[in-house]
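We use all heavy atoms of the structure for the numbers below, so side chains are in, but hydrogens, waters and symmetry mates are not. Just so you know, residue 1 is the first one in the sequence shown, and it goes up from there.
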Amino acid sequence: ISFSAIDSALSSLKNCQSYISSGMDVATQVALDLVESCNDEEDVNNMEKVMLEYATMDRELNHYIKAFEETINQVKREKPENLPDLEKLAQEKFLEMESKNSDSDLQRNEKYMYFKDQLKEMKKQYHGNDTIEEIDDDIAVTRSQMNVICPITQMTMKRPVRNKICGHTYEEDAILEMIQTKKQKKKQVRCPKMGCSHVDVKASDLVPDEALKRMIDSQNKQ
């Protein structure tokens, strides 16, 4: 195999990764739809199995790409007189990486973690936490209203994003504008949620809070 053939193959593999990523996004949306429409728990569990299959494919692709990239870099560094069998070398590296696989790798897949997190939030909203609701309906209502108010704009959020580090939610445009403004002044952004000690909010730590958005949309329809 030539270097150019490997580059072309790697480019195709990276395209496959984007398809896997899109598939995981769709599976997450379907699972949230199932919870929202109070479908059978088994259907939701099946979506989780789909997510784990995607995570397995993603890990395998990552290993393949990494094995070939490392092989090419190694050969370019060493500059041997006779070009070795690149495919064989890459295959050996790939098998070595695969031999270290464990189930915990899949649990740490970012899209799978997001799936689990959103599912938990969605179940909380749609199947409720009875013990909290029993304490006082007014407290429960106030708490749910507090959750939909952006700490920056003090208005109901339209596109909530959650900070993976501290767990707080903000209106997407408002927090991104805050980050951009501080960045220009070379300053860090403190989490605007009162009482939060997180002092370095980054755009890369923000993920869409689909479960919360659905709850807000549902309240608005009522």
Side-chain angles (χ1 to χ4, degrees), residues 7 10-29 31-32 36 51 54-55 58-59 61-63 65-66 69-70 72-73 76 105-122 124-125 141-221:
D7 283 341
L10 285 177
S11 165
S12 301
L13 287 176
K14 283 172 184 173
N15 279 340
C16 290
Q17 275 184 311
S18 67
Y19 295 135
I20 289 173
S21 179
S22 302
M24 291 179 101
D25 290 342
V26 171
T28 301
Q29 295 296 331
L32 296 180
E36 198 170 353
M51 287 295 284
Y54 272 128
D58 188 52
R59 177 179 64 188
L61 260 182
N62 276 329
H63 284 168
I65 291 167
K66 197 175 172 190
E69 284 177 342
E70 283 184 6
I72 290 173
N73 291 336
K76 283 180 177 174
D105 301 339
L106 305 180
Q107 310 287 336
R108 286 195 300 268
N109 176 287
E110 198 161 321
K111 294 258 179 189
Y112 176 74
M113 284 162 67
Y114 177 73
F115 168 87
K116 292 289 283 182
D117 175 65
Q118 289 290 288
L119 211 54
K120 189 176 84 178
E121 290 300 314
M122 200 73 174
K124 243 194 275 181
Q125 284 161 25
V141 169
T142 310
R143 190 171 295 180
S144 95
Q145 284 170 345
M146 293 275 288
N147 287 342
V148 303
I149 301 294
C150 169
I152 304 165
T153 64
Q154 294 303 312
M155 291 165 69
T156 301
M157 291 180 271
K158 292 188 177 74
R159 284 204 312 237
V161 289
R162 184 133 54 91
N163 191 327
K164 291 187 288 186
I165 308 300
C166 62
H168 293 126
T169 47
Y170 332 99
E171 179 64 58
E172 184 177 26
D173 289 345
I175 189 68
L176 290 177
E177 187 182 330
M178 198 179 199
I179 291 169
Q180 190 57 35
T181 306
K182 292 278 188 180
K183 192 177 176 183
Q184 285 165 355
K185 296 175 182 173
K186 296 191 166 59
K187 287 184 177 176
Q188 290 182 331
V189 177
R190 187 183 193 95
C191 173
K193 185 78 174 176
M194 195 181 289
C196 181
S197 59
H198 183 48
V199 293
D200 188 14
V201 180
K202 295 188 180 79
S204 56
D205 292 330
L206 305 174
V207 289
D209 197 330
E210 180 65 27
L212 185 59
K213 184 179 185 302
R214 285 171 183 242
M215 186 184 87
I216 294 167
D217 291 346
S218 157
Q219 283 180 0
N220 289 341
K221 279 176 194 162

Could you tabulate the donor-acceptor pairs under 3.5 Å formed by side-chain atoms of residues 177-185, not counting sequence neighbours?
unit_1 : atom_1 : unit_2 : atom_2 : d
T181   : OG1    : E177   : O      : 2.8

Under 3.5 Å donor-acceptor, S22 side chain and S18 backbone: yes
K164: partners by side-chain hydrogen bond (donor to acceptor under 3.5 Å, both in side chains), with sequence neighbours left out: E110
Side chain to side chain contact (heavy atoms under 4.5 Å, CB included) involving K202 - partner list, sequence neighbours excluded: D200, S204, D205
Closest non-hydrogen atom pair between T169 and P151, with its separation: O-CD, 3.3 Å
Residues K111 and T28: side-chain donor-acceptor under 3.5 angstrom: no
Atom of A31, atom of F115 and distance for their closest heavy-atom approach: CB-CE1, 3.4 Å
side-chain hydrogen bond (donor to acceptor under 3.5 Å, both in side chains) partners of K116, counting only residues at least two apart: E48
Residue pair Q17 / I65, side-chain heavy-atom distance below 4.5 Å: yes
Residues which pass side chain to side chain contact (heavy atoms under 4.5 Å, CB included) with K221, listed by chain and number, not counting sequence neighbours: none
Polar side-chain atom of S11 near backbone of D7 as donor-acceptor pair, under 3.5 Å: no
Smallest separation among heavy atoms of A27 and M51, with atom names: CB-SD, 3.6 Å
salt_bridge(D117, R162) N-O dist < 4.0 Å: yes
Audit row: L212, M157, side chain to side chain contact (heavy atoms under 4.5 Å, CB included) steps and yes/no: CA-CA 9 Å; L212 185 59; M157 291 180 271; 3.9 Å; yes
Spacing of CG belonging to L32 relative to CD belonging to Q29, to within rounding of 0.5 Å: 6.0 Å
R190 to S197 - nearest heavy-atom pair and separation: NH2-CA, 4.0 Å
Spacing of CD1 belonging to I216 relative to OG1 belonging to T156, to within rounding of 0.5 Å: 7.0 Å
Partner set under side-chain hydrogen bond (donor to acceptor under 3.5 Å, both in side chains) for K14, not counting sequence neighbours: E69
pair Q118-D209: side-chain heavy atoms closer than 4.5 Å: yes
Interatomic distance, L61 atom CG to I20 atom CD1 [nearest 0.5 angstrom]: 4.5 Å
Intermediate values then yes/no, side chain to side chain contact (heavy atoms under 4.5 Å, CB included), L206 and V201: CA-CA 8 Å; L206 305 174; V201 180; 4.3 Å; yes
Distance (rounded to the nearest 0.5 Å) between H168 NE2 and C196 SG: 5.0 Å
Trace of the side chain to side chain contact (heavy atoms under 4.5 Å, CB included) decision for N163 with K193: CA-CA 11 Å; N163 191 327; K193 185 78 174 176; over 6 Å; no
E36 side, atom CD; D217 side, atom CG - distance, nearest 0.5 Å: 9.0 Å
Minimum heavy-atom distance between L106 and Y112, given as atom pair plus value: O-CD2, 3.6 Å
Donor-acceptor pair, side chain of E171 and main chain of K158, under 3.5 angstrom: yes
From CA spacing to verdict: side chain to side chain contact (heavy atoms under 4.5 Å, CB included), N109, Y54: CA-CA 10 Å; N109 176 287; Y54 272 128; over 6 Å; no
Y114 side chain vs P208 backbone, donor-acceptor pair below 3.5 Å: yes
Point-to-point distance, once rounded to the nearest 0.5 Å, from CD of Q188 to NE2 of H198: 9.0 Å
Pairing of E210 and K213 as salt bridge, 4.0 angstrom limit: no
